[in-house]
Amino acid sequence: VTRKRQSVRKAGAIQVVKLGGSLLEDAAMRAKALRSIARTQQDGTKMIVVHGGGKRIDALLGRLGIARKTHAGLRITDDETLEPVIAVLAGVVNKMLVSELGGLGILAAGIAGCDAQTITAEVHPPIDGIEFGHVGSVCGCNPSLLFAMIDRGILPVVASIAISAKGELLNVNADALAASVAVGARAAGLTFLTDVDGFLDANGRLVPRLAQAKVEELLAGGSVTGGMRPKLEAALGALRGGVDNVIIAGPRNHRTALAKRSGGTHLVAA
Ligand SMILES: Nc1ncnc2c1ncn2[C@@H]1O[C@H](COP(=O)(O)OP(=O)(O)O)[C@@H](O)[C@H]1O
Ligand SMILES: [Mg+2]
């Protein structure tokens with residue numbers, strides 16, 4: 001008698017976790033976040049980790065004497081910048097996370113979004129006439145490799161690099177990549193682990209719940225700045241793509257956000 005194997009897609013219990021840049025650079029915060037991820041996985045939730053690594057890239061560019069160029073919050077990635085970007089994201093940061101998860105007893109394997117065409121992107125259009133070079137805007141996610149890994153009990157750790165239709169490597173925003181992974185893998189939830197407790201109001205107070213319409217309103221106005229803007233844009237993309245449990249959480253609420261889906265800012269479709 002052959003029993004049909006339950007597909008992870010049908011189980012519907014995938015959680016996508018995006019690890020932010022500041023968190024990646026703080027060993028104690030990172031260890032705490034990875035322990036939360038490990039425990040959640042060991043409790044039976046299927047996890048996918050997505051990461052960026054902007055600060056680590058800046059440090060290497062500095063050592064190589066390559067100027068850091070940005071425009072509209074995006075890194076201008078010319079030919080000479082692309083190599084260190086790939087080396088840091090798909091190499092240094094990715095393998096650091098894989099090894100630290102390994103130390104917690106988790107079978108993790110690192111890929112970049114380009115592997116098996118998991119994340120496709122197109123060259124980012126210029127802003128104010130400025131070209132970004134090897135920077136992509138995410139088109140979509142093919143979850144085959146992610147599902148194959150999860151089916152074998154392997155936790156995928158995904159670096160924020162995508163591939164174009166022509167086979168070019170593109171540097172993409174990690175929040176956008178995480179949202180695309182969550183939609184493509186039909187994840188039950190998406191959690192952005194960052195360095196603030198969630199979305200803060202003008203008085204610096206945590207906003208526990210944000211409806212989609214309110215997020216749209218906030219983004220249309222100019223008040224959301226810095227890294228919170230791409231995060232809210234990505235959250236909106238996830239909500240529109242059918243991921244109905246999106247949380248922005250910080251160092252104080254990693255564990256409850258992942259295990260109990262409480263704490264931080266909850267972004268909801270209605
Ligand atoms: N309304 C807001 N609430 C919280 N953080 C905000 C807000 N507006 C801007 N920010 C900034 O966004 C940052 C988080 O984004 P970012 O630095 O890109 O982190 P990550 O590396 O996790 O993506 C916060 O540290 C804060 O400086
Ligand atoms: Mg960011």
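Just so it is clear, the model here is predicted, and its values are computed rather than measured. Atoms within a ligand are numbered from 1 in the order they appear, just like the ligands themselves.
Of the protein's non-hydrogen atoms, T225 O, 3.1 Å is the one closest to atom 9 (C) of ligand 1. For atom 21 (O) of ligand 1, the nearest protein heavy atom (residue, atom name, distance) is G21 N, 2.6 Å. Ranking the protein heavy atoms by distance from atom 12 (O) of ligand 1 puts M228 N, 3.4 Å first. From the protein, the heavy atom lying nearest to atom 16 (P) of ligand 1 is G227 CA, 3.8 Å.
Remark: the backbone N or O of A112 is paired with a side-chain donor or acceptor of D115 at under 3.5 angstrom. Judged by distance alone, with hydrogens and angles left aside, the side-chain atoms of N94 form a donor-acceptor pair with the main-chain N or O of V157 at under 3.5 Å.
At under 3.5 Å, a nitrogen or oxygen of L200, whether backbone or side chain, sits near a nitrogen or oxygen of ligand 1. The shortest N/O to N/O separation between F199 and ligand 1 does not fall below 3.5 Å.
Within a 4.0 Å radius of atom 27 (O) of ligand 1, the protein contributes no non-hydrogen atoms.
Looking at I247 and L267, their side chains never come closer than 4.5 Å, going by heavy atoms from C-beta outward. You'll find the side chain of H124 reaches within 4.5 Å of the side chain of L74, heavy atoms only. When side chains are defined from C-beta on, L107 counts as touching I154, because their heavy atoms get closer than 4.5 Å.
For G226, the heavy-atom gap to ligand 1 stays at 4.0 angstrom or more. In this structure, G198 counts as a contact residue of ligand 1, since one of its heavy atoms falls inside 4.0 Å of the ligand.
Set against the non-hydrogen atoms of T194, the atoms of ligand 1 under 4.0 Å away are 14 (C), 19 (O), 20 (P), 22 (O). Heavy-atom proximity to K231, at under 4.0 Å, picks out these atoms of ligand 1: 15 (O), 19 (O), 20 (P), 22 (O), 23 (O). Here is the list of ligand 1 atoms found below 4.0 Å of a heavy atom in D195: 14 (C), 24 (C), 25 (O).
The pair D58-R75 meets the salt-bridge criterion, with a side-chain N (NZ, NE, NH1 or NH2) lying under 4.0 Å from an Asp/Glu carboxylate O.
Linking Ile, Leu, Val, Met, Phe, Trp and Tyr whenever their side-chain heavy atoms come within less than 4.5 Å leaves L34 and I48 in two separate clusters.
Contact annotation: for V196 versus ligand 1, heavy atoms closer than 4.0 Å belong to the side chain alone. Contact annotation for R229 and ligand 1: no heavy atom of the residue comes within less than 4.0 Å of the ligand. The residue R205 has no part lying near ligand 1, judged by heavy-atom distances below 4.0 Å.
Under the 3.5 Å distance criterion, with hydrogens and angles disregarded, no donor-acceptor pair is assigned to the side chains of T256 and R261.
The side-chain hydrogen bond (donor to acceptor under 3.5 Å, both in side chains) contacts involving residues 199-212 comprise Q212-E216, where partners must be two or more places apart or lie in separate chains.
Residues satisfying the side-chain hydrogen bond (donor to acceptor under 3.5 Å, both in side chains) test with T120, not counting sequence neighbours, are none.
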